[in-house]
Undergrad: 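So that we are looking at the same thing, I have put the structure below in structure tokens.
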Amino acid sequence: EVQLVESGGGLVQAGGSLRLSCAASGFTFDDYPIGWFRQAPGKEREGVSCTGSGDGSPYYAESVKGRFTISRDNAKNTVYLQMNSLKPEDTAVYYCAGLQRRLASSCSVVAINSYDYWGQGTQVTVSS
């Protein structure tokens, strides 16, 4: 059984930092695409960042560029999302998702409903 488990969420003041982790069991990350998504109350789930592009380059949504960094440790089967300079508008439930096929192109083109596996989410709340 495949499980993705997110951790590292919490309550932080604006300008603070958090590091989210996404650990997998039953699924070997290898260089498969892993994405981070978030969903705020009343809004649709949106892509934040992903890794595992065919050319190795990560993707970041414009709203988080320069503040968030995605990284992966394949030996630990874990992907991280370092979030700095957090803003109240970053408040959301953050999810990681895994796709079990390699890409020739950017991970940004993978449709959200194409991902094979999803975690349960971790809440990030940024206070002003």
Undergrad: Going by heavy atoms in the side chains, are Glu46 and Gln39 under 4.5 Å from each other?
TA: no
Undergrad: Decide ring-ring contact (aromatic ring centres under 6.0 Å, His included) for Phe27 and Tyr117; before the verdict, give the C-alpha distance in whole Å, the side-chain angles of both, and the deciding distance to 0.1 Å.
TA: CA-CA 9 Å; Phe27 170 49; Tyr117 311 115; 4.9 Å; yes
Undergrad: Determine, for Asp90 against Arg67, whether the closest basic-nitrogen to carboxylate-oxygen distance falls under 4.0 angstrom.
TA: yes
Undergrad: Rounded to the nearest 0.5 Å, what separation is found between the OG atom of Ser128 and the CD atom of Gln13?
TA: 9.0 Å
Undergrad: Hey, are the side chains of Trp36 and Cys22 touching, using non-hydrogen atoms and a 4.5 Å cut-off?
TA: yes
Undergrad: Assess the side chains of Arg38 and Tyr94: does a donor N or O sit below 3.5 Å from an acceptor N or O?
TA: yes
Undergrad: Taking atom types as modelled, is there a side-chain donor on Ser57 or Asp55 under 3.5 Å from an acceptor on the other?
TA: yes
Undergrad: Does the pair Asp116 and Tyr32 meet the rule for a side-chain contact (heavy atoms from CB on, under 4.5 Å), with working shown?
TA: CA-CA 11 Å; Asp116 298 308; Tyr32 291 141; over 6 Å; no
Undergrad: Side chains of Leu20 and Val124: does their closest heavy-atom pair fall under 4.5 Å?
TA: yes
Undergrad: State whether a side-chain donor-acceptor pair under 3.5 Å links Thr78 with Asp73.
TA: no
Undergrad: Taking atom OG of Ser53 and atom CZ of Arg102, what is their separation to the nearest 0.5 Å?
TA: 13.5 Å
Undergrad: So is Arg45 actually on top of Phe37's ring, under 6.0 Å and inside 45° of the axis?
TA: no
Undergrad: After noting the C-alpha distance and the side-chain angles of Gln82 and Ser17, does the key distance pass the side-chain contact (heavy atoms from CB on, under 4.5 Å) rule?
TA: CA-CA 7 Å; Gln82 178 67 43; Ser17 298; 3.9 Å; yes
Undergrad: If every non-hydrogen atom of Arg72 is compared with every non-hydrogen atom of Asp30, which pair is closest and at what distance?
TA: NH2-O, 3.2 Å
Undergrad: Measure the shortest side-chain to side-chain distance between Ser49 and Phe68 over non-hydrogen atoms and say whether it is less than 4.5 angstrom.
TA: no
Undergrad: With side chains defined as the heavy atoms from C-beta onward, is the minimum distance between Tyr115 and Ile34 less than 4.5 Å?
TA: no
Undergrad: Before you tell me yes or no, could you show the steps for Thr28 and Asn74 under side-chain contact (heavy atoms from CB on, under 4.5 Å), namely the whole-Å CA-CA distance, both residues' side-chain angles and the distance that decides it to 0.1 Å?
TA: CA-CA 8 Å; Thr28 301; Asn74 288 342; over 6 Å; no
Undergrad: Can you find a pair of side-chain heavy atoms, one from Leu4 and one from Glu6, that are under 4.5 Å apart?
TA: no
Undergrad: With hydrophobic residues grouped by side-chain heavy-atom distances under 4.5 Å, do Leu99 and Leu81 end up in a single group?
TA: no
Undergrad: Under 4.5 Å between any side-chain heavy atoms of Tyr60 and Ile70, yes or no?
TA: yes
Undergrad: How close do Pro33 and Gly52 get, heavy atom to heavy atom, and via which atoms?
TA: CG-O, 3.8 Å
Undergrad: Is there a path from Val110 to Ile112 through hydrophobic residues (I, L, V, M, F, W, Y) whose side chains come within less than 4.5 Å of each other?
TA: yes
Undergrad: Assess, by modelled atom type and distance only, whether the side chains of Thr91 and Glu89 contain a donor and an acceptor separated by less than 3.5 Å.
TA: no
Undergrad: State plainly whether one hydrophobic cluster holds both Leu86 and Tyr95, where clusters connect Ile, Leu, Val, Met, Phe, Trp and Tyr through side-chain heavy atoms under 4.5 angstrom apart.
TA: no
Undergrad: Do Tyr80 and Thr69 make a side-chain contact, defined as non-hydrogen atoms from C-beta onward lying under 4.5 Å apart?
TA: no
